[in-house]
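Please read the structure below before turning to the comments.
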Amino acid sequence: MDQALLSDSSRVLAGILFLSLVTVETGGLYLVRVVTGRAGTTPFQEKFARAGHAHAGVLLVLALVCQLFVDQTDLTGAWEWLARAGVAVAALLMPGGFFFSSMGAGRERPNRLIGLVFAGAALLALGLATLGVGLLTAD
């Protein structure tokens, strides 16, 4: 394989993202317990567990895809970081918001940690927009 295909930054982050996907896989075991009624969750908690799990997997894969493109931009500094890592950080914040805001026996509504979902969504939008603009303006 051509080592020049990815920058060192993209290669390292991609390795971390692939390892992170293993945690999503193991989180699936918990989700099986939830949907089979063995985790003692409310319907609200089941919905948030599904949403958190789905967002984690999809956003980690999207963050991997971003690594292939960020090296094709002329972005530097904070803009490069945002394009490279924004989706990856959103992949932590959004699922974390779903999971942490629904924790607690018998919970029927999210707590204040639901704000992590919105912070992650904002970072996701900024990261994707930065990458898109970086690709459109690259030499």
Side-chain angles (χ1 to χ4, degrees):
M1 180 176 170
D2 181 11
Q3 293 296 323
L5 182 63
L6 290 175
S7 67
D8 285 344
S9 297
S10 289
R11 181 184 49 78
V12 169
L13 186 51
I16 292 167
L17 293 168
F18 274 114
L19 292 173
S20 298
L21 280 166
V22 175
T23 67
V24 175
E25 178 185 14
T26 57
L29 294 174
Y30 171 71
L31 193 56
V32 168
R33 290 184 58 229
V34 167
V35 300
T36 58
R38 294 184 303 202
T41 57
T42 65
F44 157 73
Q45 290 171 317
E46 180 179 337
K47 290 175 186 174
F48 265 47
R50 287 179 183 217
H53 187 70
H55 278 81
V58 169
L59 292 176
L60 285 172
V61 172
L62 181 58
L64 278 166
V65 172
C66 288
Q67 301 317 299
L68 298 173
F69 289 99
V70 72
D71 292 335
Q72 304 305 310
T73 71
D74 297 324
L75 297 170
T76 59
W79 295 114
E80 180 185 6
W81 180 90
L82 189 55
R84 181 180 309 286
V87 176
V89 175
L92 297 172
L93 292 175
M94 292 179 80
F98 284 114
F99 294 130
F100 295 135
S101 72
S102 63
M103 283 183 164
R107 184 168 289 282
E108 296 287 341
R109 298 180 53 169
N111 62 31
R112 283 189 235 160
L113 291 173
I114 191 69
L116 293 173
V117 174
F118 298 102
L123 188 55
L124 174 64
L126 288 170
L128 291 173
T130 301
L131 180 55
V133 170
L135 288 167
L136 291 172
T137 59
D139 290 335

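Since this is a predicted model, take the numbers as computed values, not measurements. Quick note: residue numbers are just sequence positions, from 1.
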Testing the basics here: between [X] and [Y], what is the closest heavy-atom pair and its distance to 0.1 Å?
| X | Y | value |
| --- | --- | --- |
| L59 | A91 | CB-CB, 3.6 Å |
| L6 | Q67 | CD2-O, 3.9 Å |
| L17 | A88 | CD2-CB, 3.9 Å |
| C66 | A83 | CB-O, 4.3 Å |
| E46 | V34 | CG-CG1, 3.6 Å |
| G52 | F99 | C-CZ, 3.4 Å |

Pairs of donor and acceptor atoms involving the side chains of residues 110-119, under 3.5 Å and at least two apart or interchain, shall be tabulated with distances.
| from | atom 1 | to | atom 2 | distance (Å) |
| --- | --- | --- | --- | --- |
| N111 | OD1 | L113 | N | 2.8 |
| N111 | ND2 | F100 | O | 3.3 |

* **Pair listing, salt bridge (charged side-chain N to carboxylate O under 4.0 Å, His left out) test, anchored in residues 15-40, at least two apart** => none
For residues 123-139, run the donor-acceptor check on the side chains, cut-off 3.5 Å, and write out each pair with its distance to 0.1 Å, sequence neighbours left out.
| from | atom 1 | to | atom 2 | distance (Å) |
| --- | --- | --- | --- | --- |
| T130 | OG1 | L126 | O | 2.7 |
| T137 | OG1 | V133 | O | 2.9 |

* To do: Classify the angle between the aromatic ring planes of F48 and F98 as parallel (below 30°), tilted (30 to 60°) or perpendicular (above 60°).
  => perpendicular
* **Within 6.0 angstrom of F18 CZ, more than 12 heavy atoms from elsewhere** => no
* **Any T73 side-chain heavy atom under 4.5 Å of E80 side chain** => no
Following the transitive rule for hydrophobic clusters with a side-chain heavy-atom cut-off under 4.5 Å over Ile, Leu, Val, Met, Phe, Trp and Tyr, establish whether [X] and [Y] coincide in one cluster.
| X | Y | answer |
| --- | --- | --- |
| V89 | W79 | yes |
| L92 | L13 | no |
| L64 | L68 | no |

* Asked: What distance separates F44 CZ from R109 CZ, expressed to the nearest 0.5 Å?
  -> 9.0 Å
* What distance separates T26 OG1 from L21 CG, expressed to the nearest 0.5 Å? -> 10.5 Å
* Between S10 and R84, do the side chains contain an N or O donor and an N or O acceptor separated by less than 3.5 Å? -> yes
